Amino acid sequence: MAFFNQLTRRSLSQSAAMSAAIKNVTVIGSGLMGAGIAQVAAQTGHTVTMVDIDGEAVKKAEKRIGDSIHRVAKKKFADGDEANKFISEALGRLSTSTDAVSSVTASDLVVEAIVENLDVKKKLFAQLDAAAPQHTIFASNTSSLPIGKIAEATNRKDRFGGLHFFNPVPVMKLLEVVRIPETSQATYDAMVAWGKTMGKVTVACKDTPGFIVNRLLVPYMFEAVRMVERGDASPRDVDTAMKLGAGYPMGPFELMDYVGLDTGKFIVDGWAKADPDNPLFKSSELVNKLVSEGKFGVKSGEGIYKYKK
Ligand SMILES: CCCCCCCCCCCCCC(=O)CC(=O)SCCNC(=O)CCNC(=O)[C@H](O)C(C)(C)COP(=O)(O)OP(=O)(O)OC[C@H]1O[C@@H](n2cnc3c(N)ncnc32)[C@H](O)[C@@H]1OP(=O)(O)O
Ligand SMILES: NC(=O)C1=CN([C@@H]2O[C@H](COP(=O)(O)OP(=O)(O)OC[C@H]3O[C@@H](n4cnc5c(N)ncnc54)[C@H](O)[C@@H]3O)[C@@H](O)[C@H]2O)C=CC1
């Protein structure tokens, strides 16, 4: 018992030390998710570097963060001076880069939110593994890829896990914290503690397909697409039905446009490749056509629906 207590004390103090150490955060990818994660990390007192290979994407992200943080500050502070102080301090903690490797050399935590492609993510993490300090924790925000497969690119599986945020990150309260068998207890505890400093409610997930939310949400979206492809209902009527009949804030087609049809297609194609005989993952002509035309949803101005730019 004394030995167990000693071990528990040691592992608690190790994880306390690790979570206390998460001050410098690097977020790779400045798209919908990366920008949101970087914003919330800066708002909650972390020094943040947001990285993207595409300089234009960084500029768009800065604009999106500027708009979003004003909405957050307006809600949080009645007093305009306090709101401005909050905004300028948070933005002062946020810097940007187009060079991932040089951005992790002083990082305590790297959160990856780049394109949903296993090979691209593995290539990135292999490069980062060689450049980041020993203590740095690596996490992926993947929606659908196995964390264990991504971690194979590194020599730090004990300091690797999944941190799956939800869109829009400044609003959605949930964070799925995913552990692989190799994730150390100290790393897992540090990820949970960091999630709480980000103001999120954390849930524990094993590295199973879709974790918790997407395991239930994605089949629902597939069913909605099939229903429209069969001609049983229009996207507008499905959306209205699910909002007014089931109380969802957005219907499935509005949500697909919000998430990004390109990201949705990456997810479906990845699952179809892993399980080609599963009829659930059969690709959708509607989604394939829209993606091939560059109609990704809200972010490109058109998807299932049209949006004002
Ligand atoms: C067979 C082939 C099929 C192919 C398709 C397959 C698709 C597969 C897709 C897989 C997806 C996987 C994605 C994933 O991994 C996980 C996800 O993230 S799932 C998405 C989760 N998100 C949701 O479900 C969002 C649902 N929507 C909402 O909650 C609301 O609609 C939303 C909050 C987005 C907007 O609310 P609304 O009332 O409509 O608008 P308002 O503008 O009034 O906002 C309300 C409130 O929130 C504040 N706010 C909104 N956005 C932001 C922001 N970006 N930043 C800061 N604040 C924001 C706003 O200020 C309002 O605050 P008030 O205080 O109420 O004024
Ligand atoms: N869109 C959503 O609602 C959600 C998406 N996710 C996941 O988050 C990740 C990112 O998704 P989004 O932000 O929606 O995508 P996005 O398409 O908006 O942004 C991805 C960004 O990554 C950049 N990028 C690509 N390769 C890169 C590399 N090697 N190095 C640096 N930057 C690179 C791109 O230039 C782009 O700006 C994906 O894994 C996705 O599955 C998770 C939760 C919700």
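Predicted, not measured: the structure shown is a model, and the values here were computed from it. Just follow the structure's listing: the first ligand is 1, and inside any ligand the first atom is 1.
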Could you please spell out the steps behind the side chain to side chain contact (heavy atoms under 4.5 Å, CB included) verdict for His164 and Asn214?
CA-CA 10 Å; His164 186 222; Asn214 286 342; 3.4 Å; yes
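- A continuous path of ILVMFWY side-chain contacts below 4.5 Å connects Val177 to Met198, so both sit in one hydrophobic cluster.
- Between Lys289 and Glu285 no salt bridge is recorded (no basic side-chain N to carboxylate O distance below 4.0 Å).
- What sits closest to atom 16 (C) of ligand 1 on the protein, heavy atoms only, is Phe166 CD2, 3.5 Å.
- Paired with Phe160 under the rule side-chain contact (heavy atoms from CB on, under 4.5 Å), one option of Thr187, Asn155, Ile150, Val178 passes, and it is Ile150.
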Check the pair Gln185 / Arg179 against side chain to side chain contact (heavy atoms under 4.5 Å, CB included), numbers first and verdict last.
CA-CA 9 Å; Gln185 189 61 40; Arg179 64 195 303 172; 3.1 Å; yes
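- Closest to atom 9 (C) of ligand 2 among all protein heavy atoms lies Ile114 O, 3.3 Å.
- Shortest contact from atom 5 (C) of ligand 1 to any protein heavy atom: Met256 SD, 3.8 Å.
- Close approach of ligand 1 to Pro168 (heavy-atom distance below 4.0 Å) involves ligand atoms 34 (C), 54 (N).
- Remark: the backbone N or O of Met172 is paired with a side-chain donor or acceptor of Lys200 at under 3.5 angstrom.
- Between Lys63 and Asp67 there is a salt bridge, since a side-chain N of the basic residue sits under 4.0 Å from a carboxylate O of the acidic one.
- Using a 4.0 Å cut-off to heavy atoms of Lys75, the atoms of ligand 1 that qualify are 48 (C), 62 (O), 63 (P), 64 (O).
- Checked against side-chain contact (heavy atoms from CB on, under 4.5 Å), Ala61 has the following partners two or more places apart in sequence or in another chain: Ser30, Ala35, Met50.
- Of all atoms in ligand 1, numbered sequentially from 1 with element shown, those under 4.0 Å from a heavy atom of Met250 are 26 (C), 27 (N), 31 (O), 34 (C).
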For Lys196 and Thr202, what are the C-alpha separation, side-chain angles and deciding distance, and is it a side chain to side chain donor-acceptor pair (under 3.5 Å)?
CA-CA 7 Å; Lys196 292 189 196 309; Thr202 59; 3.3 Å; yes
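- Using a 4.0 Å cut-off between heavy atoms, Val268 contacts ligand 1 through its side chain alone, with no backbone atom that close.
- Residue Lys282 places no N or O, backbone or side chain, under 3.5 Å from any N or O of ligand 1.
- For atom 37 (P) of ligand 1, the nearest protein heavy atom lies 4.0 Å away or farther.
- In this structure, Met221 and Pro252 approach most closely via the heavy-atom pair CE-O, 4.2 Å.
- The protein reaches atom 27 (N) of ligand 1 closely, with a heavy atom under 4.0 angstrom from it.
- Within the 4.0 angstrom cut-off, atom 62 (O) of ligand 1 has one or more protein heavy-atom neighbours.
- Under 4.0 Å is where a charged nitrogen must lie from a carboxylate oxygen, and between Arg156 and Glu182 no such pair does.
- Among Val259, Ile28, Asp54, Asp52, the residue whose heavy atom sits closest to atom 34 (C) of ligand 2 is Asp52.
- Proximity annotation for atom 16 (P) of ligand 2: of Glu116, Lys299, Met33, Glu176, Lys299 comes nearest, heavy atoms only.
- A salt bridge links Glu56 to Lys59: at least one charged side-chain nitrogen sits closer than 4.0 Å to a carboxylate oxygen.
- There is a protein heavy atom closer than 4.0 angstrom to atom 49 (N) of ligand 1.
- Nearest protein neighbour of atom 22 (N) of ligand 1, counting heavy atoms only, is Asn167 O, 2.7 Å.
- For atom 9 (C) of ligand 1, the nearest protein heavy atom (residue, atom name, distance) is Met221 SD, 3.6 Å.
- In this structure, Ala113 counts as a contact residue of ligand 2, since one of its heavy atoms falls inside 4.0 Å of the ligand.
- In this pair, Phe138 and Phe125 present their aromatic rings tilted. The plane angle is within the 30 to 60° band.
- For Lys149, the NZ atom is loosely surrounded, since the number of other residues' heavy atoms within 6.0 Å does not exceed 12.
- The residue from Gly297, Gly264, Gly34, Ser143 that puts a heavy atom closest to atom 6 (N) of ligand 2 is Ser143.
- Protein heavy atoms all stay at least 4.0 Å away from atom 45 (C) of ligand 1.
- Considering backbone and side-chain N/O atoms, Phe165 never comes within less than 3.5 Å of an N/O atom of ligand 2.
- Among protein heavy atoms, the minimum distance from atom 60 (O) of ligand 1 is reached at Arg71 NE, 3.3 Å.
- Contact annotation for Arg64 and ligand 1: no heavy atom of the residue comes within less than 4.0 Å of the ligand.
- Under a cut-off of 6.0 angstrom, the local environment of NZ in Lys243 is crowded, with over 12 non-hydrogen atoms contributed by other residues, nucleotides or ligands.
- Leu145 and Ile180 fall within the same hydrophobic cluster, where Ile, Leu, Val, Met, Phe, Trp and Tyr residues are linked whenever their side-chain heavy atoms come under 4.5 Å apart, directly or through other members.
- Relative ring orientation between Phe165 and Trp194 is described as perpendicular, the plane-to-plane angle rising above 60° on a 0-90° scale split at 30° and 60°.
- Here the heavy atom of the protein found nearest to atom 24 (O) of ligand 1 is Leu255 CD1, 3.6 Å.
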Show your working on side chain to side chain donor-acceptor pair (under 3.5 Å) between Glu116 and Thr263 and close with a plain yes or no.
CA-CA 7 Å; Glu116 188 73 343; Thr263 301; over 6 Å; no
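- Of all protein heavy atoms, the one closest to atom 55 (N) of ligand 1 is Ser68 OG, 2.6 Å.
- Among all non-hydrogen protein atoms, the one lying nearest atom 57 (N) of ligand 1 is Val171 CG2, 3.5 Å.
- Polar contact check, Asn141 against ligand 2: a nitrogen or oxygen pair lies under 3.5 Å apart.
- For Tyr258, every heavy-atom contact with ligand 1 shorter than 4.0 Å involves the side chain, none the backbone.
- For atom 15 (O) of ligand 2, the closest non-hydrogen atom on the protein side is Thr263 OG1, 4.1 Å.
- Given atom 30 (N) of ligand 2, the protein heavy atom at minimum distance is Ile53 CG2, 3.8 Å.
- Protein heavy atoms all stay at least 4.0 Å away from atom 65 (O) of ligand 1.
- For ligand 1, the atoms closer than 4.0 angstrom to any heavy atom of Leu217 are 19 (S).
- Under a 4.0 Å heavy-atom criterion, His164 is in contact with ligand 2.
- Within the 4.0 Å heavy-atom criterion, the part of Val218 lying near ligand 1 is the side chain and not the backbone.
- Of all protein heavy atoms, the one lying nearest to atom 19 (O) of ligand 2 is Gly31 CA, 3.3 Å.
- With rounding to the nearest 0.5 Å, the separation of CD1 in Ile53 from CD1 in Ile28 is 11.0 Å.
- Some N or O of Lys121 is nearer than 3.5 Å to an N or O of ligand 2, by distance alone.
- Between Phe222 and Phe281, the angle of the ring planes goes over 60°, which puts this pair in the perpendicular group of the 30/60° scheme.
- Among protein heavy atoms, the minimum distance from atom 18 (O) of ligand 2 is reached at Leu32 N, 3.0 Å.
- The contact set between ligand 1 and Ser284, taken as ligand atoms under 4.0 Å from a residue heavy atom, comprises 1 (C), 2 (C).
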